There are 2 protein chains.
Amino acid sequence: MPRTTIADVAQAAGVSVSTVSRALRGLDRVSPETRERIEQEAKRLHFSFSKSASSLASGKTMRVAVLLPNEISSWFNAHAFEGIYEVMSKAGYDIVPYIVWTQDDLDAFFQNLPGNRNVDAVIEASFDFDEAKKQVLGNLTIPVVGMNAPSTHGLDAGVAIDDEASMATIVRFLKSLGHKTLAYIEQPINTTPFVCSDRLRKKGFSEASQACGYADEDIIVMPSLSHIDARSEQDIYSGIVAQLLSAPKQPTAICVSVDAVAAPLLKELRRMGWRVPQDVSLVGFDDDDTATALDLTTMHQDPAEIGRIAARKTLALLNGETLDEPFTVMPTSLVLRGTTERVS
Amino acid sequence: MPRTTIADVAQAAGVSVSTVSRALRGLDRVSPETRERIEQEAKRLHFSFSKSASSLASGKTMRVAVLLPNEISSWFNAHAFEGIYEVMSKAGYDIVPYIVWTQDDLDAFFQNLPGNRNVDAVIEASFDFDEAKKQVLGNLTIPVVGMNAPSTHGLDAGVAIDDEASMATIVRFLKSLGHKTLAYIEQPINTTPFVCSDRLRKKGFSEASQACGYADEDIIVMPSLSHIDARSEQDIYSGIVAQLLSAPKQPTAICVSVDAVAAPLLKELRRMGWRVPQDVSLVGFDDDDTATALDLTTMHQDPAEIGRIAARKTLALLNGETLDEPFTVMPTSLVLRGTTERVS
DNA sequence: TTGAAAGCGCTAACAA
DNA sequence: TTGTTAGCGCTTTCAA
């Protein structure tokens, strides 16, 4: 199956290549009859444009890069990517993921990005860029749109939830249930140096609990393990539960930075004989699939919609429009399920 | 930031473009000193190749298409994609997903695919192609690799688990636990016309239960709902549980076609007063995140590894190698957790 | 070891 | 309404 070019179609239809180009791209200045004929020949010959040739000639790649931290299979990334795909693909764009694990990956991305036009735009998720990178982004001539980015600096547009405010909502909710001692558990293993939400949520928790009048001794914060020793997940979580049990004041409610922490924690709590929610309440963050499965009270966000909105902004920017609201904040909502209870 | 071209680098380094091209691609026939100089200039100017220009000139796009059914956020797809990404990106390839929801999407993909070289290879997940499409794939000059494909026809290589055999393992396991009546629940809402695993697993269940000596009245199979009425997920699942409860013989064990079915089913079973595993055992398939969260006994498969292997085969094919084992079968393993019990 | 030159398949003026 | 003509930025013979 030799590849058919626009010239083949032109010859078959008895017209010039530029006419074919115009016809097939739906431009005007082509008579209905010629267009019809060209379209038929194109179909018959299974013609489709070579993207490479088109982009080389036009300067537009019809591709957008999606920069994702750590993995595409994480709940947030996968759904955000899907939302982006949904709208960008309809507009004719290919979307190319770039997954960043290490600082080196990120540096490489930035080293190559500015120099050449391999994509028309970049959409980025959750990165906490350093100043140098924000500079680079800011100098880019292509649109850069952020999802759940901690700052607007260097971005042309963005969509994000308010992590701090959402966490504060959780704290106030727990206070209203009468909880006297709160614990906050970060992701115990956090290998990502450039992602922001954990930090913001922790900040939100700390500030809100102070604002709600909790004294220092009524707040237990368990940070990420700085270096990962060879312990199993089970060991890590039983360690956490042990610390909770042996705290001067045992917490009556536990917040976690993401739902993913809730499942193993819940299992350990129950294994240690704590009943949830009777002995201790547990609140997650994200509302992913495991949250539903575990009947976990949690803070809901909609990453697919975040992706869609980011993509729509990108599209608008690509069309040269000016956004009247470049940065939008998405609402979150507390989903009440079975792991929280009023303190009796 | 104007885009730097290979000509800029050539000028800066005082050599010709072809020398720069050779040097930067690591080819020989370049003296160490010139190479050094060129590399420095390239870095200084933030040069990187225009993929479009390279592919136009070389005929290689350095891109592979990944054809995915329905969504990229599903557990299998996301992890398989990640596995592919991991190995292809290291080899310098961009990987671009094509997500197919409708038959039209699929047709469009096939209409465009053969005619032109926009990708160097395609990796495909779980599609049950019709004969015409298999033809098209077979005639393609680029490698086509399948993941969990039901047939090898039209593919140059593939990786898959044995859905039927895995399901048979589950049936034998339940028999060995003394279960006398088995139920099989398909995904109640299945909007995908072109995906295969459901069908294979059901077949595996039916054949194995016969082979194990279960009589027809000891087998309850609940197929997908053919048309989706407006019922909520809860209603659907309580309907299923109601049917199970009112069956002539109540099942002592339930198999589901995928873990995703297990979570809502489990919830409904418990709501209706069935204790799992005391009153009824439940076995999933896939071992996704909810399986862990729910402590579900299930059949484990590793989609990321499937993706990696598919990618490695693709790479080998791209390098013109002949695979000594084009089609490989991946092992699955039964993970015993808390939702199964011996019948007393 | 290096360079000149001819495309790759298309788009975008411009001319007809 | 259509065709002609330059490129787009690279790779790839082929000469030097």
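Scope of the values below: all heavy atoms of this structure, side chains included, with no hydrogens, waters or symmetry mates. Keep in mind that what you see is a predicted model, and the values were worked out from it rather than measured. In the text below, chain A, chain B and the rest are named by the order of the sequence lines, each starting its count at 1.
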For A/Asp128, is there an ion pair with A/Arg199 - N to carboxylate O distance below 4.0 angstrom? yes
Output side-chain donor-acceptor pairs under 3.5 Å for residues 11-20 of chain A, partner residues at least two apart or in another chain, one line each.
| from | atom 1 | to | atom 2 | distance (Å) |
| --- | --- | --- | --- | --- |
| A/Ser16 | OG | A/Ser18 | OG | 3.2 |
| A/Ser16 | OG | A/Thr19 | N | 3.4 |
| A/Ser16 | OG | A/Thr19 | OG1 | 3.1 |

Rounded off to whole Å, could you give me the CD1-to-C1' distance for the A/Ile38 and D/dT1 pair? 11 Å
Base contacts versus sugar-phosphate-only contacts with protein, heavy atoms under 4.0 Å: please encode nucleotides 7-16 of chain C as B, S and - from 5' to 3'. BBBBSB----
Could you state the atom-to-atom distance from CD of B/Gln11 to P of D/dG9 in whole Å? 14 Å
Would you check, one step at a time, whether the test salt bridge (Lys or Arg N to Asp or Glu O under 4.0 Å) holds for A/Asp107 with A/Lys133? CA-CA 9 Å; A/Asp107 291 344; A/Lys133 299 213 165 48; 3.0 Å; yes
How long is the span from the CG atom in B/Leu318 to the CG atom in B/Asp120, to the nearest 0.5 Å? 5.5 Å
How close or far is atom C1' of D/dT2 from atom CG of A/Asp28, stated in whole angstroms? 13 Å
Tell me whether B/Lys313 is salt-bridged to B/Asp156, with the criterion being a basic N under 4.0 Å from an acidic carboxylate O. no
Tell me the interatomic distance from B/Lys51, atom NZ, to D/dC8, atom C1', rounded to whole angstroms. 18 Å
Please check if atom NZ in B/Lys43 has more than 12 non-hydrogen atoms from other residues, nucleotides or ligands closer than 6.0 Å. no
